[in-house]
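As structure tokens, the structure follows; a few thoughts come after it.
Numbers restart at 1 for each chain; the letters A, B, ... are given by sequence-line order, proteins then strands.
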Amino acid sequence: MVDFLQALVDGVMLGATYSLLGLGFTLIFGVLRRLNLAFGPTILVGIYAGSHVGLAWPGALWAVVAATVVAAILCGIYVERCSFRALARQAPVVSMISTFAVWMQLQELVSLFEASRTMPYPSPAWLPALTVGPILLRSDALLMWSGATAIMLALFVLLYRTRFGTAVRAVADSSEAAALMGVNVSIIGAAAFLLASTVGGLAGVLIAQSQQQVTPYFGLWATVKGLTAMLLGGAGSLPGAVAGGVILGVVETQTLWHFGGQWRDLASFALLFLVIALSPRARSEPTL
Amino acid sequence: MSDYAVSLLVRIGVEAFVALSAYLLLVIGRVSFGQQAFFVIGGYAAGIATALYGAPLAVGIMVGAVAAGVAGALLSAVMAPVGGIYFAAGSLAFGELVRVALLSFHYQVPVGADLTGPAGADGFRGVRALFTGGVSATAFMLAVAGLVALTFLAIALLLRSRWGEAMRMVGEDETASASLGVRVRRVAALTMAGAGALAGLGGGLFVHYATYMEPGHSDVMLGVHSLAYAFIGGLGTPLGPIIGVALDIGLLESFRFLAGYRMIVFGGLVMGLLVVRPRGLLDEVAVHRLSRLVAWGRR
Amino acid sequence: MLEVRDVVTSYGMIQALRGVSLTAREGEVTCILGPNGAGKTTLLYTIAGILRPRSGSISFQGRELAGTSAPDVVGRGISLVPENRLVFPHMTVRENLFAGAYVRLGRDRAGVEADLDAMFARFPILKQRAGQAAGTLSGGEQQMLAVARALMARPRLLMMDEPSLGLAPLVVEQIFQIVQGLNREGITVLLVEQNARLALSIAHHAYLLEQGRIAFHGTPSEVSANEGISRAYLGIKGG
């Protein structure tokens with residue numbers, strides 16, 4: 001029972017970052033109706049940039065955060081230009097293929113600069129761990145959860161309480177009607193992309209400080225987590241992405257506790273697969 | 001012919017099967033990021049048949065193709081009605097599922113003095129039927145090339161047949177083709193099985209040439225590359241994916257000065273091409289023009 | 001108020017508008033009749049700045065409009081209630097109305113809030129449904145929402161594309177009463193409508209658009225007096 005609770009708490013904390021990844025995915029997919037599979041790799045580049053800055057200036061945590069987010073945003077702009085704006089007139093599937101081409105490039109870019117396959121990432125070591133009854137709250141996990149929750153709150157205020165947010169959600173709901181209301185659809189698309197990259201970069205900081213290291217495999221990992229969180233929540237729903245991320249996190253940590261490490265990834269892929277197999281929406285959606 | 005040239009040609013041939021497999025699914029309007037799974041399933045099954053149970057090389061490769069085809073048919077039970085991004089995401093999940101599952105797949109039996117067979121993360125080593133059978137690398141390369149040519153012809157004929165017409169209709173608009181009497185789910189299921197078998201054929205050939213296969217061969221990048229090959233070479237003809245493979249492996253890989261930058265160049269090439277020719281070099285229009293040119297030449 | 005002169009708009013190779021000229025006078029209801037595919041929606045989208053005309057001019061209150069982007073057109077006082085209503089289905093009724101005021105949401109928050117109350121007073125049903133997702137509304141309620149949403153931008157010219165489409169006769173009557181009421185309050189209306197009899201009943205001036213050209217124009221009584229037109233669009237009885 002304690003094991004179950006501990007895994008549940010760990011899962012919620014981990015899931016909060018998956019929610020962030022899912023929100024990034026949803027922002028782009030909701031507004032542009034196109035899938036950005038290079039989302040994970042853009043964050044990967046951000047984390048590597050942060051890692052290098054951390055090695056060059058040990059202790060300058062803010063610089064690490066800034067480098068991570070800025071690099072992720074720069075990569076996001078690159079993806080938006082090459083795979084979305086340049087292909088706006090083509091079928092959505094063409095954009096999706098193009099984002100995979102960018103993925104290859106970003107992955108190679110990272111390996112050009114890496115000193116070793118596994119790079120260290122600094123974390124604030126001064127934070128204490130908490131124990132609540134029998135449950136242990138690790139400091140890095142707590143930071144992950146509180147950081148992700150704060151970012152999500154800020155994001156939801158931005159999306160549900162501001163003029164910009166109204167425009168973003170209007171475009172996601174019906175871009176034609178939004179244009180008739182005087183919303184500049186292409187600018188909102190680019191802005192949503194930037195916002196998603198920022199959220200992704202921040203999620204990257206939170207995840208990397210918890211794992212304290214990063215491998216090139218992170219790109220695929222983040223894309224799969226974000227995609228799963230988004231699809232679990234019903235593709236395009238912002239609150240759905242949050243819920244999807246938490247469910248994914250809990251399923252992973254429960255599998256980890258009860259079955260062991262090698263089953264964890266299997267469980268998350270199986271979950272994504274099951275959602276698609278069982279979702280009525282997947283069956284009704286026409287091909288891209 | 002140098003050993004390097006032979007190995008390059010074998011690789012082109014092997015990946016051509018995975019590229020054609022992805023192409024078949026594109027014809028019915030499905031983007032798959034998971035064809036690498038069938039490549040590995042085919043490779044493991046073929047290796048088990050020859051290395052563990054002593055099947056002849058040709059039979060082993062057939063077993064691999066059939067096993068991957070069956071896997072494709074099983075997957076289609078779930079995925080045949082699914083389209084769009086859901087199919088793409090589902091195939092990605094399936095590919096990774098197979099890779100992760102193979103990491104803990106152990107199936108070893110004593111062959112001679114050693115234990116042979118899939119050994120989890122260490123992969124499946126000691127698939128030596130090619131060498132014990134005394135087949136030279138050049139002969140094997142020629143056999144692979146012949147198989148690619150045969151497969152190309154078979155797909156070209158298929159696409160011209162009534163079946164191919166149905167596949168293209170499903171790719172254009174499922175609702176419309178269903179209203180015209182096309183059994184959409186059956187077309188999708190059979191295409192998925194066929195695509196699985198093609199990738200599995202490639203896997204069976206590869207495992208015997210390389211003598212080993214490991215879970216890492218189910219890397220999503222293989223699946224993505226095979227998709228990209230179709231988009232480079234062109235969606236208008238099954239020759240497109242083969243040209244795509246030849247361009248990437250034959251051209252880019254042989255430019256040694258690109259070492260370390262190959263993916264950046266290749267990715268950039270694909271990106272640029274998608275802007276200029278979103279359906280590849282030999283798209284439907286180009287194929288139509290070429291065939292008219294040929295017909296005019298014959299006159 | 002609105003002057004359209006020799007406007008040509010094409011989709012790729014196809015010319016949808018082949019030199020259309022019309023005038024919508026201030027304070028009047030101008031209606032555009034015509035068969036499916038005549039280019040009526042294309043004309044409204046061209047005025048709204050969603051489509052760009054290949055040639056010709058559109059002037060609004062004496063200033064050129066052709067080539068202006070959609071946000072600027074809305075800002076200058078022209079709103080479109082699109083065909084099939086196009087409400088934001090997953091946003092609430094209240095959020096839909098806020099979205100309608102998008103162009104002035106940044107600088108006039110208080111005015112927008114006041115207009116929101118005014119809309120709820122004019123359309124009590126929308127107030128009842130304020131927190132409900134717009135996609136769950138009935139067709140007539142969605143049409144009212146679409147009108148109210150367009151009004152939130154404080155337009156001087158309201159363009160309406162087939163407001164009666166798919167609605168029950170009683171609801172259609174209600175919508176047309178609303179349109180007439182808005183016009184009496186001083187809003188100029190440009191109306192595209194299949195239901196010619198109903199449209200002519202509230203219009204001051206009518207245009208007939210056929211195959212991308214204006215085939216006829218005049219007052220409603222002149223339209224009714226024309227035997228060919230009344231046979232084609234009003235039924236034989238009208239002739």
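Using a 4.5 Å cut-off between heavy atoms, B:Ala88 touches chain A through its side chain atoms alone. Heavy-atom distances place the side chain of B:Leu75, and not its backbone, under 4.5 Å from chain A. At a 4.5 Å heavy-atom cutoff, the contact between A:Ile97 and chain B is made by backbone and side-chain atoms alike. At a 4.5 Å heavy-atom cutoff, the contact between A:Leu37 and chain B is made by side-chain atoms alone. Residue B:Val220 touches chain A through its side chain alone, counting heavy-atom pairs closer than 4.5 Å. Contacts of B:Leu103 with chain A are absent, with no heavy-atom separation under 4.5 Å from either backbone or side chain. Proximity to chain A is limited to the side chain of B:Arg99, based on heavy atoms less than 4.5 angstrom apart. With a 4.5 Å cut-off on non-hydrogen atoms, A:Leu220 touches chain B through its side chain but not through its backbone. Heavy atoms of B:Met271 lying under 4.5 Å from chain A belong to its backbone as well as its side chain.
Taking B:Ser104, B:Gly268, B:Ala228 one by one and counting their heavy-atom pairs under 4.5 Å with chain A, the maximum is reached by B:Gly268. Chosen from A:Val224, A:Thr99, A:Val102, the residue pairing most often with chain B at heavy-atom distances under 4.5 Å is A:Val102. With respect to chain B, the highest number of heavy-atom pairs below 4.5 Å among A:Leu271, A:Leu231, A:Thr223 belongs to A:Leu231. Ranked by heavy-atom pairs under 4.5 Å with chain A, the list B:Leu227, B:Leu274, B:Val270 is led by B:Leu274.
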Apply ring-ring contact (aromatic ring centres under 6.0 Å, His included) to the pair A:Phe269 and A:Trp221, showing each step before the final yes or no. CA-CA 11 Å; A:Phe269 292 127; A:Trp221 184 87; over 10 Å; no
Please test B:Phe33 against A:Phe100 for ring-ring contact (aromatic ring centres under 6.0 Å, His included), starting from the C-alpha separation and ending with a verdict. CA-CA 10 Å; B:Phe33 292 125; A:Phe100 242 121; 4.6 Å; yes
Show your working on ring-ring contact (aromatic ring centres under 6.0 Å, His included) between B:Phe94 and B:Phe38 and close with a plain yes or no. CA-CA 10 Å; B:Phe94 177 72; B:Phe38 299 102; 5.5 Å; yes
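Checked by atom type and distance alone, the side chain of B:Arg30 pairs as donor or acceptor with a backbone atom of B:Ala80 at under 3.5 Å. Without hydrogens or angle criteria, B:Arg168 side chain to B:Trp163 main chain gives no donor-acceptor distance under 3.5 Å.
For the atom pair CG of A:Asp10 and CD of A:Glu252, the computed distance is 12.0 Å after rounding to the nearest 0.5 Å.
Side-chain atoms of B:Ser21 and B:Gln35 form a donor-acceptor pair, as typed in the model, at a separation below 3.5 Å.
The local environment of CZ in A:Phe259 is sparse, with at most 12 non-hydrogen atoms from other residues, nucleotides or ligands closer than 6.0 Å.
No cation-pi contact links A:Arg81 to A:Phe84, judged by a cut-off of 6.0 Å to the six-membered ring centre and 45° from its axis.
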